[in-house]
Amino acid sequence: MSFSRLLAVASADLRARLRRPATLVFLGLLLAAASMTFPDPRSGQGILSIGGRRAVYTSAALAVATAGLLPFLIGLFGFYAVSNAIALDRRSGIGPLLGASPVKNGEYLLGKLLGSCTLLFVVTLAFSAVVMAVQLVHGEAPPEPLVFLAHVLVVALPALLAVASFALVFECVPFLSGRFGDVAYFFVWLVTLGVPVFLGDPDKGLYPPQAALLDWNGLGFLITQIQRVTGSGSMSIGWGSGRQAGAAVVFPGFDFSAAMLGRRALAFLPPLALLPVALAAFDRFDPARRLASASTKVSLGARLSALFRPVAARLLGVVVPAERAAKRPGLLSAGLTDLLVTLRLRPILVVGVPVAALTALIVPAATAATLLSAAFVLLALLLADIPTREERTGLGRVLAATPGAGGRLAAAKLLGTAFTALLLLVPLGARASADHALALPAAVAGACFAAALAVVLGQATGSPKPFVGLLLVLWYVAGSDKGRTPALDVAGFGGAATPGSVGGWLGVAILLAGAALLLERFRLSRG
Amino acid sequence: MVLESDGLGKVYRSGTWGVRELTLRAKEGVLGLLGPNGAGKTTFMQMLATLTHPTKGALRFAGIDVAKDPGAIRERLGYLPQDFGVPPGLTCFELLDTIARLKGVRSRSAVLSMLEGVGLHDLARRPVESLSGGMRQRLGIAQALVGSPELVIVDEPTAGLDPEERVRFRNLISEHRGLKLVLLSTHIVSDVESVATEIAVVRQGRLLAFGTPEELVAGAAGAVWEAELQGAELERLRPGLTVAGLVRSAGGVKARLVARERPVASAVPAAASLEDAYLLLMKEAGEALPAAA
Ligand SMILES: Nc1ncnc2c1ncn2[C@@H]1O[C@H](COP(=O)(O)OP(=O)(O)OP(=O)(O)O)[C@@H](O)[C@H]1O
Ligand SMILES: [Mg+2]
């Protein structure tokens with residue numbers, strides 16, 4: 001094991017990432033969020049409340065509030081930001097060079113791990129710096145940077161390591177390295193958020209070792225510690241916390257002790273235990289291993305495609321009337337061509353969509369709403385790659401020189417993603433509308449929204465992952481709201497859609513689509 | 001004149017000029033672009049392919065201004081970029097069919113016969129990622145030629161092709177009906193020599209020479225020499241010579257030298273080839289602008 005080679009891998013990784021638009025967009029959004037998360041204390045609102053009373057903006061209180069956001073920022077979005085460390089090398093063509101170099105697999109993987117951890121660490125520090133600046137602005141208490149950092153890092157460090165390790169493992173294991181893995185991680189994350197509550201009872205200060213072990217995101221740890229120092233099980237973190245009357249309280253800060261740190265350190269163990277899995281599964285850019293793993297997939301899919309690919313093409317041929325050959329193909333046919341590519345890449349859809357439609361006819365309307373929710377998760381998987389798939393391979397240049405897509409790839413992609421999403425959601429929405437009249441328009445609005453979000457995020461970041469993360473969070477929020485808030489019912493699966501919510505989501509879809517078109521305009525004009 | 005370029009220039013955001021000042025007029029046929037790495041060949045082709053805007057000057061194909069009416073160019077265009085990559089998952093047929101559709105062609109037989117043209121019909125159902133590098137390049141050529149374009153821009157199309165395929169590529173281009181102009185860049189001088197009707201030699205974003213292959217070769221007449229040299233003698237003289245080729249011979253080496261004046265006393269005149277003409281142009285341009293950026 002050569003430490004200098006490991007460091008070389010890590011620093012190359014970090015440099016490459018810090019120059020990627022995806023990283024910069026992620027950082028920018030994060031810092032903007034950080035500066036807006038904290039309401040002015042004079043409004044009587046705060047970010048942390050204990051026993052129903054607002055905590056004064058001391059460094060400890062703001063640090064705890066920051067730490068409360070980290071399971072989402074690092075634990076969830078961090079994954080989507082760093083889970084392309086190996087893919088970037090593969091795509092840039094550096095991979096085979098590394099594969100043929102003396103770098104050992106362990107050095108390479110640990111280097112990548114270190115690079116990802118450092119990136120997430122930098123993000124955490126930048127976020128903390130913004131929050132400390134907010135504290136200075138409000139001036140309720142003197143800033144104590146060390147106290148702040150201690151509170152943030154005790155929560156953040158295991159989370160950093162866990163996310164980076166998961167990202168590495170997901171990238172190395174063939175069937176987890178694609179969009180399926182991105183969706184699967186979301187559910188891993190959901191489960192780990194719930195585990196400490198399931199194994200212990202943080203609200204009562206109960207935090208047994210097995211809970212600590214699986215609580216790398218640190219939410220359970222955070223609640224337990226606040227409970228221990230304040231004796232109050234009722235605390236909340238979030239905008240407007242402490243709206244209730246009563247004098248503000250001063251949060252005393254965590255009770256740092258060896259026992260407490262030892263318990264928190266347990267959370268480092270599972271991520272470390274994951275690393276051998278990555279090592280065993282890493283293909284070292286061996287094209288044969290890569291193809292072999294892909295070909296098991298292909299051979300199953302290949303048979304299907306042999307059956308269904310011609311059918312799909314014929315169907316589309318019927319839907320889109322032939323145009324005069326020498327004329328510029330219309331936008332509609334460019335969008336349909338994009339849909340055709342999607343269907344060819346995932347021939348299972350050619351069977352899946354009719355099956356879903358038939359199922360929708362048979363099942364009760366309430367079940368259709370549940371299926372609609374499941375179909376929305378599928379959108380995260382299906383739509384994410386569409387906007388960037390050609391750009392990533394250099395085929396984008398060829399498309400840009402065709403009359404069909406040249407100068408308007410974004411519009412074609414908007415249509416292509418919208419068609420895909422509508423195919424999936426409309427039959428279920430139609431069935432669900434037997435129970436709830438607005439289910440169909442809501443499904444249409446949800447499909448359009450998801451399509452526009454996929455295109456604009458794909459364009460802005462060049463990566464399919466932010467879309468997966470964002471759409472799943474929305475789905476989760478909408479699902480756990482159980483239809484209480486119509487505005488959250490994005491595709492109507494909560495049965496709560498109102499004309500206002502449908503119009504709202506359609507409006508957002510149109511805004512996002514407009515943004516995607518403007519972004520393309522801007523890029524073309526700079527070309 | 002089917003292609004007219006007037007004072008064309010393109011500056012990248014980094015401040016580098018990709019093309020500095022290019023004026024040329026080409027007739028129908030095959031226009032070969034020759035030039036060293038970084039000469040601006042790809043930049044020029046990308047401007048003509050409507051991918052990037054000229055910073056200055058004008059570029060017209062068949063009277064259509066590329067900057068003003070990119071849509072009209074794209075209707076007539078087939079383009080093979082220098083770095084042609086393929087997204088995994090599609091088969092050869094599907095990839096070609098996709099591009100064809102975006103060009104307004106939706107005839108299955110046109111796609112299949114194009115695959116046949118580049119010798120890939122047996123692989124129509126193979127996933128593109130399983131192709132060899134040269135096969136991939138052939139697929140790239142096929143997608144550029146599909147849909148009967150009037151203008152075909154191919155950036156180093158013969159890179160990675162085996163000799164047989166290179167011949168097939170030349171025939172493919174010459175057989176293609178309705179084709180007004182093929183713009184082709186390459187570093188393999190013999191490839192353009194046999195296929196190009198006109199050749200533009202560029203260097204540092206400027207036009208260095210323009211003409212038919214015969215005209216360019218004629219320009220180097222009397223400037224090509226052959227000399228038998230001893231190994232040590234060659235090493236001593238080498239810094240001052242432009243060597244076009246070396247062949248080991250019984251008495252030492254037989255060197256092919258390019259120079260306006262007899263380079264060594266023992267040199268005898270030889271017939272010029274396009275490669276000699278190219279080397280001579282580069283040598284003289286290097287002497288003329290020694291420290292240009
Ligand atoms: N995207 C870019 N940004 C900045 N500079 C660029 C870019 N692309 C090319 N250049 C610069 O423009 C000049 C011309 O490059 P170009 O790619 O056109 O050369 P080329 O003749 O195609 O070379 P090669 O034979 O190596 O393919 C070079 O100096 C190059 O560094
Ligand atoms: Mg080039």
Side-chain angles (χ1 to χ4, degrees), chain A residues 91 93 287 290-291 294-295 297-298 301-302 305-306 309-310 313-314 316-317 320-330 333-334 336-338 340-341 343-347 385 388-409 412 524-527, chain B residues 10 12-13 42 45-53 70-91 93-95 97-108 110-111 125-130 140 143-144 146-151 153 155 178:
Chain A
R91 238 183 298 144
R290 194 78 193 160
L291 274 183
S295 71
K297 259 191 291 179
V298 170
S305 31
R309 282 179 166 180
R314 291 282 148 74
L316 279 160
V320 197
E323 289 160 295
R324 275 189 298 127
K327 247 194 99 257
R328 184 174 195 196
S333 87
L336 284 167
T337 303
D338 193 61
L340 180 60
V341 172
L343 293 179
R344 283 170 162 174
L345 285 171
R346 300 191 190 271
D385 281 315
T388 52
R389 65 185 168 207
E390 286 90 6
E391 218 58 63
R392 306 180 126 213
T393 55
L395 191 64
R397 294 238 173 96
V398 174
L399 295 197
T402 61
R408 55 179 189 198
L409 195 58
L524 288 177
S525 73
R526 295 221 306 175
Chain B
K10 165 81 193 177
Y12 285 103
R13 251 176 288 143
T42 298
M45 293 177 138
Q46 285 178 346
M47 283 190 270
L48 188 55
T50 73
L51 293 177
T52 185
H53 304 299
I73 296 287
R74 289 178 194 136
E75 278 168 34
R76 296 166 168 79
L77 175 66
Y79 175 54
L80 172 64
Q82 189 169 4
D83 48 357
F84 177 66
V86 284
L90 292 178
T91 64
F93 173 81
E94 288 171 344
L95 182 75
D97 181 54
T98 302
I99 310 288
R101 278 165 188 272
L102 289 172
K103 291 182 179 179
V105 179
R106 42 184 80 248
S107 130
R108 203 180 153 75
V111 173
R125 283 154 171 258
R126 275 269 290 276
V128 284
E129 67 271 25
S130 73
Q143 65 78 23
V146 78
S148 323
E150 291 172 20
L151 169 64
I153 302 176
D155 203 346

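Below, read A as the first sequence line, B as the second, and so on, with proteins coming before strands; counting in each chain starts at 1. The basis for the numbers below is simple: all heavy atoms, side chains too, and nothing from hydrogens, waters or symmetry mates.
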Cut-off 4.5 Å, heavy atoms of chain B, and the answer for A:Arg397 is both
Smallest heavy-atom separation, B:Leu90 atom then A:Arg344 atom, equals CD2-CB, 3.9 Å
When every non-hydrogen atom of B:Gly147 is compared with those of B:Val105, the smallest separation belongs to CA-CG2, 3.5 Å
When the 4.5 angstrom heavy-atom criterion is applied to B:Phe93 and chain A, the contacting part is side chain
Whatever's closer than 4.5 Å to a heavy atom in chain A on B:Thr50 counts as side chain
Those residues at least two apart in sequence (or on a different chain) that pass salt bridge (charged side-chain N to carboxylate O under 4.0 Å, His left out) with B:Glu150 are B:Arg76, B:Lys180
Rounded to the nearest 0.5 Å, the CD1 atom of B:Ile153 sits from the OG1 atom of B:Thr42 at a distance of 11.0 Å
Ranking B:Phe84, B:Tyr12, B:Tyr79 by heavy-atom pairs under 4.5 Å to chain A gives rank one to B:Tyr79
The salt bridge (charged side-chain N to carboxylate O under 4.0 Å, His left out) partners of A:Arg392 (sequence neighbours excluded) come to none
If one checks every heavy atom of B:Ile73 against chain A at 4.5 Å, the contacting part turns out to be neither
